[in-house]
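Notes to accompany the following structure.
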Protein chains: 2
Amino acid sequence: MRATTTTTRDPAGLASDLRVSVWRAARRMRRESDPGITPTLHAALFTLETHGPMTAGQLASHESVQKPTMTRTIQALVDGGLARRTPDPLDGRVTWLAITPQGTRLLQRTRQRTDEFLTKRLETLTVEERDLLARASDLLARIAEKDPDA
Amino acid sequence: MRATTTTTRDPAGLASDLRVSVWRAARRMRRESDPGITPTLHAALFTLETHGPMTAGQLASHESVQKPTMTRTIQALVDGGLARRTPDPLDGRVTWLAITPQGTRLLQRTRQRTDEFLTKRLETLTVEERDLLARASDLLARIAEKDPDA
DNA sequence: TATTGTTATACTCTATAACTATA
DNA sequence: TATAGTTATAGAGTATAACAATA
């Protein structure tokens with residue numbers, strides 16, 4: 001196994017390591033996650049829950065996907081009764097999205113009962129390691145944000 | 001934004017946060033990464049570089065994908081001249097995979113010159129934050145490994 | 001004209017099931 | 001029979017290009 005510590009202070013080397021480990025972790029999580037909801041739908045629904053109602057374009061921007069991609073994701077959420085579309089009364093081009101009670105319940109169930117694989121793995125770590133991952137989770141979220149200067 | 005710190009010591013809540021942030025980071029990295037190689041090919045090639053020659057089955061197991069999936073990945077690497085197939089001289093069913101010099105060069109170029117987006121983002125962090133991410137990268141790799149008891 | 005969102009189309013990544021060749 | 005790998009097929013997730021409706 002390559003020693004990640006050798007690249008710690010070198011952003012390019014860390015980038016290379018992170019790219020691999022994040023990709024593998026994402027793949028593994030997808031494989032093990034709750035069959036009731038895919039990671040893509042989960043992430044979008046989570047955003048609707050935490051940010052409140054958003055337009056389709058805002059949601060696409062927040063998730064760093066193109067609008068047609070978000071159209072599909074939204075369609076899947078609406079078909080599943082997890083989100084609801086509401087036309088904007090003033091601007092006929094705009095669609096507002098909101099999580100439904102059913103969507104909220106699904107997220108609650110997911111948090112309580114699912115992610116079993118990941119939860120089990122995390123339980124094998126020390127409290128310090130979980131603290132570290134929690135802070136890393138915030139850093140990853142910051143890295144994945146849209147360019148501040150874009 | 002949901003406060004991740006509230007879930008730090010709770011493995012299930014951390015699992016939920018990590019699932020979202022890792023998924024988003026993976027998506028963003030794919031979108032921004034070197035157009036010359038996809039994350040899936042990069043990860044497999046990286047494994048061949050660090051572990052040396054492996055059979056197709058070993059590689060599939062290491063990457064946590066099914067064998068048919070790895071067959072496709074390998075085919076893409078071989079088509080691109082990045083890896084080489086060699087039949088096992090003793091067991092006719094087995095195929096050995098090895099990285100080619102061209103594959104090694106591509107990984108070097110990727111490390112040096114690409115991952116620009118990610119490198120730039122990492123440069124905006126403090127040294128401490130990069131240290132933290134480096135250790136998190138190891139933890140994520142451990143989490144994504146095959147079950148120790150499977 | 002510019003913007004919001006959708007439809008059409010295509011490519012990547014992944015899986016399961018069935019198959020071939022070899023042991 | 002069992003194992004290693006491939007082929008066939010399907011589904012999820014994403015993108016770009018072209019379009020419709022509205023501003």
Between Arg27(B) and dG13(D), is there a contact of a side-chain N or O with OP1 or OP2 at under 4.0 Å? no
In whole Å, what is the span from the CG atom of Asp91(B) to the C1' atom of dT3(D)? 8 Å
Nearest-Å distance for atom pair CZ/C1', residues Arg85(B) and dT6(D): 9 Å
Mapping Pro39(A) and Thr55(B) to their closest nucleotides on DNA chain D, which lands nearer the 5' end? Thr55(B)
Considering every strand and a 4.0 Å limit on heavy-atom distances, what is the contact class for Thr95(A): base, sugar-phosphate, or nothing? sugar-phosphate
Starting at CD of Glu63(A) and ending at P of dG5(C), how long is that distance when rounded to a whole Å? 15 Å
Can you tell me the distance, in whole Å, between the CD1 atom of Ile74(B) and the C1' atom of dT7(D)? 14 Å
When all nucleic acid strands are considered with a 4.0 Å heavy-atom cut-off, which category describes Leu90(A): base, sugar-phosphate, or nothing? sugar-phosphate
Counting N and O atoms only, with roles assigned by atom type, does the side chain of Arg31(A) sit under 3.5 Å from a partner on the main chain of Ser64(B), one being a donor and the other an acceptor? yes
When you check the phosphate oxygens OP1 and OP2 of dT14(D), does a side-chain N or O of Arg28(B) lie under 4.0 Å from one of them? no
Side chain of Thr69(B) only, heavy atoms from C-beta on: which candidate in dT14(C), dG5(D), dT14(D) is closest? dT14(C)
Less than 4.0 Å between a side-chain N and a carboxylate O, is that true for Glu49(B) and Arg111(B)? yes
Nearest-Å distance for atom pair CD1/C1', residues Ile37(B) and dC13(C): 14 Å
Please check this pair: side chain of Glu129(B) against backbone of Thr126(B), looking for a donor-acceptor N/O pair closer than 3.5 Å. yes
Is Thr71(A) close enough to dG5(C) that one of its side-chain N or O atoms is under 4.0 Å from OP1 or OP2 there? no
Is there a donor on the side chain of Arg72(A) or the base of dT14(D) sitting less than 3.5 Å from an acceptor on the other? yes
Of Arg93(A) and Arg30(A), the one whose closest DNA chain D nucleotide lies more 5': Arg30(A)
Are the side chain of Ser61(A) and the backbone N or O of Gly57(A) linked by a donor-acceptor pair below 3.5 Å? no
Grab the two heavy atoms, one from Ala134(A) and one from Leu14(B), that are nearest each other, plus how far apart they are. CA-CD1, 3.7 Å
Could you tell me the separation between the CG atom of Leu41(A) and the C1' atom of dG11(D), rounded to a whole number of Å? 13 Å
Within the structure, does a side-chain N or O atom of Thr40(A) lie under 4.0 Å from either OP1 or OP2 of dA12(D)? no
Considering just the side-chain nitrogens and oxygens of Thr38(A), establish if one lies under 4.0 Å of OP1 or OP2 belonging to dA12(D). no
Rounded to whole Å, how long is the line connecting atom CD of Gln75(A) with atom P of dT6(C)? 8 Å
Between Pro68(A) and Trp23(A), name the one whose nearest nucleotide on DNA chain C is closer to the 5' end. Pro68(A)
Without decimals, in angstroms, what is the distance between Met70(A) CE and dT14(D) C1'? 11 Å
